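These numbers come from a predicted model, not from an experiment. Just so you know, ligand 1 is whichever comes first in the structure, and atom 1 is the first atom listed for that ligand.
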Amino acid sequence: MQRNFDAIVVGAGFGGIYMCKKLIDQGLSVKVIEAASDVGGTCTGSHLYRYSWDLEDLRQYPWGRTYVRQAEVLAYLQHVVERHRLRQYMQFDTEVISADWDARCNLWVVRTDTGQKLEAKYLVTAVGLLSRQNFPKYPGIDRFKGELYHTGSWPKAHDFKGKRVGVLGNGSTGVQVITALADEVEQLLCFQRTPQYVVPAGDVVATPEYRKEINDSYEDIWKQAKNSQFAFGFEESKNPAMSVGSEERERIFEEAWQQGNGFRFMFGTFCDISYDEEANKEAANFIKKKIRATVRDPVKASKLIPTDYYARRPLCDTGYYEKFNRDHVDIVDIKETPITHFTEKGIRTSDGTEHELDVVICATGFEAVDGNYTRIPIRGRKGETLKRRWAEGPSSYLGVSVPDYPNLFMILGPKGPFTNLPPSIETQVEFISGLISHTNNLAPALVNGTRRAVVEATAEAEEEWSDVCDKLSANSLFRKSDSWIFGANVPGKRPTVLFYFGGLRNYRTVLDGVIKAGYKGFLGC
Ligand code: NA7
């Protein structure tokens, strides 16, 4: 069995699949290692949650609604892998347990839980932003005799009919789970810590006319998305909320509400909702009014109405608030009556109530961005793991490279762009494959009798990039709200700037500048 490769790619999701294709197309030998038993990845507008580079396929591949479901994303990725004959380079059901830089031979040595020891010149991590689960650590949780799930490892088959179900968490996932299960279960109790602002998704059937319109302008659509801030396919507003009168503001909010999409509501209406307190309050008040108008029971409504800034990842739904008009759907405010412990029968809260449940679903999120890197011991030039290096907060150059970790490239590493993910993934894959090609063409140093070129970010470039990311988020109200976007959702973890908030267009401009300057900020180039 082959043990030496030009590149090992960890993860066979959106990033890993495209990385594999790009490197194979360059004539390199590639091995993709994936822990799951098939290609995967972690919903958004259908037409932009795919790859832009196979236009013919984009125009033909079927999709039924304007939003794409997880199963459809999986089917699409499987289809791409078959169409481009990439499965032969992929090894599934295999976890990388360590990766060590061998400075004598200028190689990455990768060990797997299947007992393999593989070597490669380049190591590309495509491990996803949000796959490491944040599982709540309540006392007695192991004693619970009912079914216990985390949304990150959802059972293939489940039957919640006639059952009493508790859902912990009401972020994007919780909102989707609650909306989806409300009609199916006997009783639904939502254990809510922080109410969130949720706007309609605007998910409708994609008619043949709509599809034709998209197909006819796909190239322009991608061009617009890649030249926008968040790459969701709408124009971000350039107007401050207070630049128009209150009636006009209301009209703009209402129009966006009817059209749907959380990002569009937050960034397509006005430009300053995420950083101007007054603008933020106007948007928040509009959503609060909608919640009051939707939820008939005033007690439930008051629990669902947020009190803090509208400054987390903008959420959208397909009838979330309406579900609370059903008698069997209720909210337990766990800020007011915190969960003290789990019992065999369910969850006890501080007011002494034991909420008896057959099923508990933890929609409690993920240790975002760096969680997957700190799980695998990845040791660089100094033998230090990324986990240790990032003890005070993760860092990188361009979200792609880390000093002292030569020839290691990250797709969606810390301090990469905060956008609709596939377009950013493509951008980074194309940058990384260009950098690998460039490195391969360098006149390499003779190391231990072997010539192998090496490239890595400089410490100065990493520091400058950190400053850029810091400054870009300095005025953001997002920074004042505890959420995964700043790593503030995991107990014991220090909040830090995890993203580049300059938008995709600016990010692409930065990368172009780096390339034009001969891969500025990289050592060895
Ligand atoms: P999120 O957005 O991190 O939401 C997690 C939710 O779980 C949120 O409501 C949390 O409350 C709640 N939570 C977290 N820990 C606990 C404990 N211990 N007890 C009770 N409730 C808890 O994760 P999602 O999976 O919904 O979404 C992640 C991203 O995936 C999303 O933004 C999309 O981009 C896709 P809190 O708000 O912290 O008070």
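Taking a cut-off of under 4.0 Å to the non-hydrogen atoms of Arg312, the atoms of ligand 1 that pass are 37 (O). Listed by atom number, the atoms of ligand 1 under 4.0 Å from Thr173 heavy atoms are 24 (P), 25 (O), 26 (O), 27 (O). The ligand atoms of ligand 1 that sit less than 4.0 angstrom from a heavy atom of Thr194 are 36 (P), 37 (O), 39 (O). Taking every heavy atom of Tyr138 and a limit of under 4.0 angstrom, the matching atoms of ligand 1 come to 17 (C), 18 (N), 19 (N), 20 (C). Less than 4.0 angstrom separates some heavy atom of Gly169 from each of these atoms of ligand 1: 6 (C), 7 (O), 9 (O), 12 (C). Shown in contact with Ser172 at under 4.0 Å from a heavy atom are these atoms of ligand 1, numbered in order with element: 26 (O), 27 (O), 31 (C), 32 (O), 33 (C). Those atoms of ligand 1 that come under 4.0 Å of a heavy atom in Ile334, given as number and element, are 20 (C). The Pro136 neighbourhood of ligand 1 comprises atoms 18 (N), with distances under 4.0 Å to a heavy atom of that residue.
Aromatic rings of Trp154 and His150 (six-membered ring for Trp) have centroids beyond the 6.0 Å cut-off, not under it. Taking the six-membered ring for Trp and the full ring otherwise, the centers of Tyr18 and Trp53 sit less than 6.0 Å from each other. Between Phe253 and Phe270, a ring centre-to-centre spacing shorter than 6.0 Å is recorded.
Under 4.0 Å is where a charged nitrogen must lie from a carboxylate oxygen, and between Lys163 and Glu356 no such pair does. Ion pairing of Asp470 with Arg479 is present here, as a side-chain N (NZ or NE/NH1/NH2) and a carboxylate O approach within less than 4.0 Å. Ion pairing of Asp183 with Arg326 is present here, as a side-chain N (NZ or NE/NH1/NH2) and a carboxylate O approach within less than 4.0 Å.
Some N or O of Ala363 is nearer than 3.5 Å to an N or O of ligand 1, by distance alone. The shortest N or O to N or O distance between Asp482 and ligand 1 is not under 3.5 Å. For ligand 1, one of its N or O atoms has an N or O atom of Arg193 under 3.5 Å away.
Classified by interplanar angle (parallel below 30°, tilted 30° to 60°, perpendicular above 60°), the ring pair Phe230/Phe263 is tilted.
Inter-residue side-chain proximity for Phe265 and Tyr310 is flagged as met; some heavy-atom pair is nearer than 4.5 Å.
In the candidate list Arg313, Gln176, Lys137, Arg313 is nearest to atom 32 (O) of ligand 1, counting heavy atoms. When Thr364, Asn170, Val167 are ranked by how near their heavy atoms come to atom 21 (N) of ligand 1, first place goes to Thr364.
Here the closest heavy-atom approach between residue Met266 and residue Arg312 is recorded as CE-O, 3.7 Å.
Heavy-atom separations between Phe366 and ligand 1 include at least one value shorter than 4.0 Å. Proximity of Gln192 to ligand 1 is not established, as no heavy-atom distance is less than 4.0 Å.
In this structure, the side chain of Ser396 engages the main chain of Pro414 through a donor-acceptor pair within 3.5 Å.
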